[in-house]
Structure formats: C-alpha cells, structure tokens
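What you see is a predicted model, and the numbers here were worked out from it, not measured in a lab. In what follows, chains carry the letters A, B, and so on, assigned in the order in which the sequence lines appear, proteins first and then strands, with residues in each chain numbered from 1.
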Amino acid sequence: MKSFYITTAIDYVNGSPHLGHAYEKVLTDVIARYRRQRGDQVHFLTGTDEHGQKVQASARRQGIEPKAYVDTTAAEFRALYDRLEVSYDDFIRTTEPRHKDVVRSILQKLYDQGEIYRAEYRGFYSTRQEQFLQEKDRLPDGSWPEIFGEVTEIVEPNYFFKLRAYQDWLIDYLKTHEDFIFPKFRHKQVLEFLKEPLNDLCISRPKDRLEWGIPLPFDEGYVTYVWFDALLNYYSAVADKGLWPADFNVIGKDILVPPHAVYWPIMLHAAGLPPPKALLVHGWWLQSGAKMSKSTGEAVNPLALVDQFGVDAFRYFLIREMNVGQDSEFTVGQFMVRYNSELANNLGNLVNRTLNMTTRFSGGQLPPAGPPEDPERALQGLWLKTRDEALALNEGFQFHTALERTMVFLTETNAYIEQRAPWKLGKSAEPRDQALLQTSLATMAEALRLAVALLQHVMPSTARRINSVLGYTPGPTWAEELHWGGRLAGAKVAASLVLFPRPEKPGKPA
RNA sequence: GCCAGGGUAGCUCAGUGGUAGAGCAGAGGACUCAUAAGCCUUUGGUCGCCGGUUCAAUCCCGGCCCCUGGCACCA
C-alpha cells in the first residue's frame, strides 16, 4: 500500500478563521480522501501556528496568558475544520512539546554544523508597534507613518541562518525537479525570484522583546522567529513516524515565495533532510462583491452558507468553482446557481425521482436489469468515458472539471430516464414493458451509485446518505466500486429523500 | 519598472491552424416519476486592439491597451 503524506499550511491563530482558511483545508481534504479511495495509506496533517508577536500582543490586550489565548482561538479553527468534515489524521499545534523538541534539536544541529551564526541586526524599530519596520513602510517623503509612533534605528545582536550559501543548490534543485511546484507557472516565479542574491535569514528575537516563542537551545536569551518554528511543523509532526518527506505541502500563493519555496527546502537540506516531494499552491477567493453586499445591507460571510445550505454544498461549491492554482470570485449569486441547478435540480432531484419510481413501480425494491439495449449501452459507454476522465482529472488536481464531467453524466442519466419513461412502462401490463421498466429502474440506480462514487471525496456525507437510501454499502476503496454492474439488485430503497431543498423564497438570505 | 496569470455569448468559463463551444440566464415545446424539478428545441459572440506569417488565425509571431497578483526576511 502506497504511503501518502499531505499537509495544509498551519493557520496563524491571531483572529478567526475565514473563507481562505476553510478552502485550503477542504481542498487538501478532497485530495486526501481521493487518495484513500485510490487505496493509498494517507496521513493528513493540519494544525495551528501559535507563537509570535501578534499573539503575544492580543493576549496581553485581553489580559490573559498567551497559552490561554491560543487555546481558545486554536479550538475555533479546529471546530471549523471538524464541521467541514476535514478528515485530518493529526492536528499539530506549534505550542506542543512534540513540536518544540524537534525545533530545538534541528536548531542545535544546525548551530553545531556552523549553519547558524550570531551577528548584529540593524533596523528601524517602532516601540509602539514592537516591531522592526521595512523601507517600504516609509511614507513617500521618507518619514514614518503616525501609527508607528517614535521610530529609532537600533542595533541588536541576533542569530542568522546561512541561507545564501544554498542558493545555487536550490536553483539546481528546482531545475532538476520540475514537478516540485504545482502549478508550473509558480515554479518559474520562484526561479525568477532566485535570480537576485539571497540574504541570510534572521531567525531570532531577543526574549525581552518577544517571549512567546521557542527558546534557542544554544542561547536561552532568544526565541526563534517564525520560520524555524512554523515551517518545521510538517516535519516535527512525523519525525518519529518515518513519514518524511511529505508528498505535498498544500499552501496559498502568498506564502510560496520566499518561505515555502526558498527557506523551507534550504532549511531541510542544511539539516540533512530531503525537501517535500512537491508544493501545491492554490490561489485566493476574491470577494470584490462584498462591498456591494454591505451597501445593500446584505453582507454575507461565506462561512454562513454552511449553516444555511449544508457542509457538502459549501464544499462542492469551493471545489467546483475554483481552478486549483488560479483565483476565483466568490459570490452568493454564483453559489446559488451551483446549488440550484447542479445540486438540487440535477443531482438531488435525480435521487428523489429514482427513489419515488422504485417505490411506486417496484415496491421499493430495485429489480435486476435485463439485457442492455441502445439507451442502456449509451449510458454505460458514457460512464466509462466519464470515469476515466474524472480519474485522470483528479490526478492532475483538476477537480472542478472532474465534477463538471460527473454533472454531465447525471444530466444524461436524467435524459435516459425521459427516454425510457418508466411512468409509462409502469402503467403497461405488456411483458416487454415490464421488463424494460425493471431495466430502467436498475439502470438509473446503478448510474446514480456510480456518480456518487465520483462525488464521495468532495461530498462525503451526501455520498453516505445516497448510498444509504439506495440500500447500498460501498467498499473502502474505488477498486471495485467504479464498475458498472448489478450489485443493487434486490436492494430496498427509501421512499423519498430531499437532499438539497430549495431555499424558501428568493431575495431572503437567512 | 520587472515577472506571472488573464482579457471568447448577458454571467461563469472551455477550446482548436481550416465555417466559434458548454453551463447558467432568456424564449418556445412535449411530458408528469420528481425539489414549480427533469427532457427537447432555440435567441445570442467583430473570440481586447493593430500589424505580420499562412491558401487559411480566436488559436503562431511582433507591438499596444486593460484587469489581477507577486517583487525578500512582512504570517
């Protein structure tokens, strides 16, 4: 059994989760579930990033300890992912001992190897914001914005990681591993970035400025800053499991360059560890319409759609609408289009009419199919095409197109039903009509079962419900599920099921 | 400025060197098992602009315009 280790980025818990957080976890979950169905031994990691200045400051504002603060916010993130049926196998928090121990041991190892050195960091520091400022923070006239208060240039001893020494190695690695970053154009973007010389990376903060972090093992007066803490979670979570390297680190485009594409592989390489096999870089959901909604008093938090329309409808929309790697617009209007036309009208209604007809014309029990004729052969042929295309598309992360093909198959199943018109056959006593009635009922149910198999990783609970009303229990993997057959014959079906009810009245989002 | 992605029907997008496609929306129709659903038919486009290569370009090349994103220690 092939091992498959996949991770999401860990979320910084200084705030509440939003659509972007949710999307990344759902996307990764879809991949993880897909690989499980293909028979891989999947390990799926997600988690939270809990150290740093902002968390420390937020906790202080609320007058509580940082640990208490992150316990609350981390739980909020985790609750959302549970609600979204994100099937993670492990949830790591950077404040856990198992993580801190690994971070410290890696830092010590690199320090012993001479990869980390002490030097003076010079920069402009805002006491009010408790942070160093960048040149780009300056106003056009060269002064510092009011919010920073008094800004002074200070010199501070710190620890640096010899990033620059590995620049040539990284360029060579990228050139010889063209599949390291998906999509391709992101790969090029990194090489472009590496045309400029790298600076070494400052990896520490003195404790008197930042307490809330992992102390450097070789100088307890400092904590490590951001990257050696956050990035290492992918490794620390499985350091004792023999699962490294990861097959995929799934991340957003905002943290590709430089952290994941530059710091991360170099950190690992310097520590004698292989880089992850690949980075999967997704785009962003744009919500330019949000302003408009606000002006009409109908600001909609996308996550609220989960409560209103269900987890699966939400997951379906995210995966159906987004071309992985690109950006996509999130609008309630588009959500409603997908929900109504694809989920309610096409899929949901097909389920319900199948149940109804089986109940009405066959006593609630699915009959065996007779020999296939042209209509059956056409649908079965389309199934083979749909299945093969969907598998290939899923393999290449083209989930949106795979879903589109599956929808076409469902549409054609609806058309098949019109062609056979079982409601007419059901009123005929002719033996030929009765035989065709059985065949048509069996055919539509089998088509439905198969389509559901292709939707399972995107809409797990919907798949469970449909299989349940069809009186069917699928096997754990796809190996035997994707073949057209007669395994539903004799199954007792439910009388009715409305999966995606239409919203009450238009223009009244709850 | 540099780099990348994109500019195709009202909307969201697919697509190929040879008379432009899908879904949704709109229009018409036949039906009734079904979530006022489903099915059939159908209106609709100078394929961003200007040149070039070619027998032929939306698709190849050059230039230009517009939109979006990135451009380092910032999560």
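When the side-chain nitrogen and oxygen atoms of A/Arg320 are compared with OP1 and OP2 of B/U12, none of them lie within a distance under 4.0 Å. Residue A/Lys54 places none of its side-chain N or O atoms closer than 4.0 Å to OP1 or OP2 of B/C74. Residue A/Tyr225 places at least one side-chain N or O under 4.0 Å from the OP1 or OP2 atom of B/A75. Close to B/A37, at under 4.0 Å from its OP1 or OP2, lies no side-chain N or O of A/Arg353. Between A/Asn345 and B/U35, a side-chain N or O to OP1/OP2 separation shorter than 4.0 Å is absent.
Below the 3.5 angstrom threshold, one finds no donor paired with an acceptor across the side chain of A/Gln189 and the base of B/G70. Side-chain to base pairing of A/Asn352 with B/A34: no donor and acceptor N or O lie closer than 3.5 Å to each other.
Distances were taken from every side-chain heavy atom of A/Asn356 (C-beta onward) to each of B/C33, B/G38, B/A4; the shortest belongs to B/C33. Counting only heavy atoms from C-beta on, A/Phe500 has its side chain closest to B/U35 among B/A72, B/U35, B/A14. Residue A/Trp423 places its side chain closer to B/U32 than to any other of B/A34, B/G69, B/U32. Side-chain proximity of A/Arg502 to the nucleotides B/C33, B/A72, B/U35 is greatest for B/U35.
Between the C1' atoms of B/A14 and B/A20, the separation comes to 12 Å (whole Å).
Atom CE in A/Met336 sits about 15 Å away from atom P in B/C24, given to the nearest Å. Following rounding to the nearest Å, A/Glu412 (CD) and B/A22 (C1') show an atom-to-atom distance of 13 Å. Rounded to whole Å, atom C1' of B/C73 lies 18 Å from atom NZ of A/Lys162. Between the CE atom of A/Met322 and the C1' atom of B/U68 there is a distance of 13 Å, given to the nearest Å. Rounded to whole angstrom, the span from the CD atom of A/Glu389 across to the C1' atom of B/A14 amounts to 13 Å.
Relative ring orientation between A/Tyr117 and A/Phe160 is described as parallel, the plane-to-plane angle staying below 30° on a 0-90° scale split at 30° and 60°. Aromatic ring pairs are classed by plane angle as parallel below 30°, tilted from 30° to 60° and perpendicular above 60°; the pair A/Phe91 and A/Tyr81 is tilted. Using cut-offs of 30° and 60° on the angle between ring planes, the pair A/Trp212 and A/His51 is perpendicular.
Cation-pi check for A/Arg205 over A/Tyr225 is met; the charged atom lies under 6.0 angstrom from the ring centroid and within 45 degrees of its normal.
Base pairing analysis places B/A57 opposite nothing; no Watson-Crick or G-U wobble pair with both distances below 3.5 Å involves it. The pairing partner recorded for B/G5 is B/C67, the criterion being a Watson-Crick or G-U wobble arrangement whose two distances lie under 3.5 angstrom.
Remark: A/Glu156 engages A/Arg209 in a salt bridge, criterion side-chain N to carboxylate O under 4.0 Å. With salt bridges taken as basic N to acidic carboxylate O contacts below 4.0 Å, one links A/Arg449 and A/Glu446.
Between A/Leu499 and A/Ser341, the residue whose closest nucleotide on RNA chain B is further toward the 5' end is A/Ser341.
As judged by a 4.0 angstrom heavy-atom cut-off over every strand, A/Asp200 is placed among the base-contacting residues.
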